[in-house]
Amino acid sequence: MSTDTSEDNSHQRGTLHRSFLVMRALAAHQTEGVRVTHLAKAIGLTQATTHRLLQGLIQEGMVEQDQVHKLYRLSLDLFSLAAQAGAVSDLRSLARPVLLRLCASLSDTVILMVRSGFDAVCLDRIEGQFPIRTFTGDIGGRVALGVGQGSLVILANLPEAEREEVLRFNLPRMQHYNVYDEVYMRTEIDKAHRQGYTAKNSGLLEGMAGLAVPVFDRNGQVVAALSIGTHTARLSDERLPIVRDMLLREAKTLSAQINPFDPTLRHPMHAISTGDRTRSM
């Protein structure tokens, strides 16, 4: 290999590395945007070099500039690429082995809940040895965020402003349960957020008990819940920590695999219908 070729390759690797430095720094200022001077200082490059890298990224469609305020942001084209990458392994497919393992180990019904607007949807469910009743029923069933253990643990881990908006909308929807008033909901939300899971040994469904833990995406945003539904006698004070720890371990493993741009998180009902058609073939 000639010296010129080696130098060219080294230069290309250096440019690629600096381009990714720029994109990662832009991601930290995506909401408000950033000027080239601030960006250059943040990544330790000269303003001229940073500007040149930005122009190259704009030509490739990865970065855009607000022509009024001259602020740079990552482009929609980049997010589109990320969304396509997220379609490779959807949440339901990723979680299926987790649900199977938990059901085999615990013999209880295991449920995967995801958020859909102001509701939580049962994205998947593996039946245990003991027949149970749940608020959502079978796969595809939905309930207002905050009703039931899986739904509650999702709500408890939302950003505060978003959680308040959900509560404002959902509290009137919960009135027919006769127990979900604002004081009760806020107490349960604080408890779930503080302890990192939620459990109920007796509740509205007589004889039924449940435990749920949150599932996050790789950005740390709550997107789902792993929960079990079982009989009250099977969630004793002695067994509860065992079940909790198993669910937390599986949720942590699953969270590390979840792409924030997974289309399942935006269209859970589509993922359900698609997955069911695939399994029936």
Side-chain angles (χ1 to χ4, degrees), residues 89-104 106-158 166 169-170 173-174 176-177 180 188 192 197-200 203-217 221-231 234-235 243 246-248 250-251 254-255 257-258 262-280:
S89 297
D90 65 275
L91 174 57
R92 194 179 184 202
S93 298
L94 287 173
R96 189 72 177 181
V98 171
L99 269 61
L100 288 168
R101 284 196 299 270
L102 286 170
C103 185
L106 298 171
S107 299
D108 295 307
T109 296
V110 187
I111 302 164
L112 176 67
M113 302 286 291
V114 295
R115 183 187 177 188
S116 179
F118 292 99
D119 294 341
V121 174
C122 177
L123 188 64
D124 207 352
R125 170 178 171 140
I126 304 291
E127 298 294 332
Q129 296 180 13
F130 309 93
I132 65 162
R133 292 172 294 142
T134 62
F135 289 110
T136 53
D138 207 347
I139 295 171
R142 64 172 58 226
V143 69
L145 272 175
V147 177
Q149 303 311 300
S151 176
L152 175 62
V153 85
I154 294 174
L155 177 60
N157 285 277
L158 289 176
V166 171
F169 185 82
N170 277 356
R173 302 171 67 198
M174 300 176 184
H176 67 279
Y177 291 105
Y180 287 94
E188 290 297 300
Y197 71 95
T198 180
K200 186 69 72 173
L204 293 177
L205 298 177
E206 187 176 354
M208 297 293 103
L211 187 152
V213 300
V215 177
F216 303 90
D217 64 23
Q221 301 297 312
V222 65
V223 294
L226 277 177
S227 66
I228 67 154
T230 189
H231 294 172
R234 289 184 53 77
L235 199 61
V243 176
M246 289 182 68
L247 263 66
L248 284 171
E250 292 286 5
L254 182 59
S255 293
Q257 304 175 60
I258 298 175
D262 179 353
T264 303
L265 306 178
R266 298 187 301 279
H267 309 290
M269 299 308 293
H270 176 72
I272 290 168
S273 60
T274 302
D276 289 344
R277 285 198 304 270
T278 301
R279 288 171 189 157
S280 65

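Residue numbers run from 1 in the order of the sequence given.
- Listed here is the closest heavy atom pair of S255 and V215: OG-CG1, 3.6 Å.
- Contact detail for L235 and G210: the closest heavy-atom pair is CD2-O, 3.6 Å.
- A donor-acceptor pair is defined here as one N or O able to donate and one able to accept, closer than 3.5 Å; such a pair exists between the side chain of R92 and the backbone of L123.
- For the pair L112 and V110, the minimum side-chain heavy-atom distance is 4.5 Å or more.
- In this structure, CD on E127 lies 8.0 Å from SG on C103, to the nearest 0.5 angstrom.
- The salt bridge (charged side-chain N to carboxylate O under 4.0 Å, His left out) pairs that include a residue from residues 136-157 are D119-R142, where partners are two or more places apart or lie in different chains.
- Distance check, rounded to the nearest 0.5 Å: CG of L211 to OH of Y197 gives 7.0 Å.
- Nearest heavy-atom pair, P214 versus V153, reported as atom, atom and distance to 0.1 Å: CD-CG2, 3.6 Å.
- Rounded to the nearest 0.5 angstrom, D217 CG and L254 CG are separated by 11.0 Å.
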Considering only distance and modelled atom types, tabulate donor-acceptor pairs under 3.5 Å from the side chains of residues 223-231, sequence neighbours left out.
unit_1, atom_1, unit_2, atom_2, d
T230, OG1, D108, OD1, 2.7
T230, OG1, R234, NE, 3.4
H231, NE2, P131, O, 2.8

Query - E250 vs L247, side-chain contact (heavy atoms from CB on, under 4.5 Å): CA-CA, chis, key distance, verdict - result: CA-CA 5 Å; E250 292 286 5; L247 263 66; 5.9 Å; no

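- Looking at residues two or more places apart in sequence or on another chain, you find no ring pair (Phe, Tyr, Trp, His ring centres under 6.0 Å) involving F216.
- In this structure, R96 and I126 have side chains that are in contact, with non-hydrogen atoms separated by less than 4.5 Å.
- For the pair I154 and M113, the tightest heavy-atom approach, listed with the atom from each and the gap, is CD1-O, 3.8 Å.
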Report task. Show your reasoning for whether side-chain contact (heavy atoms from CB on, under 4.5 Å) applies to R115 and L158. Result -> CA-CA 10 Å; R115 183 187 177 188; L158 289 176; 3.5 Å; yes

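- R125 contributes atom CZ, which lies 8.0 Å from atom CD1 of I139 (distance to the nearest 0.5 angstrom).
- The two atoms that bring F130 and T109 nearest to each other are O-OG1, 4.2 Å, heavy atoms only.
- Closest of all the heavy-atom pairs between L145 and A120 is CD2-CB, 3.9 Å.
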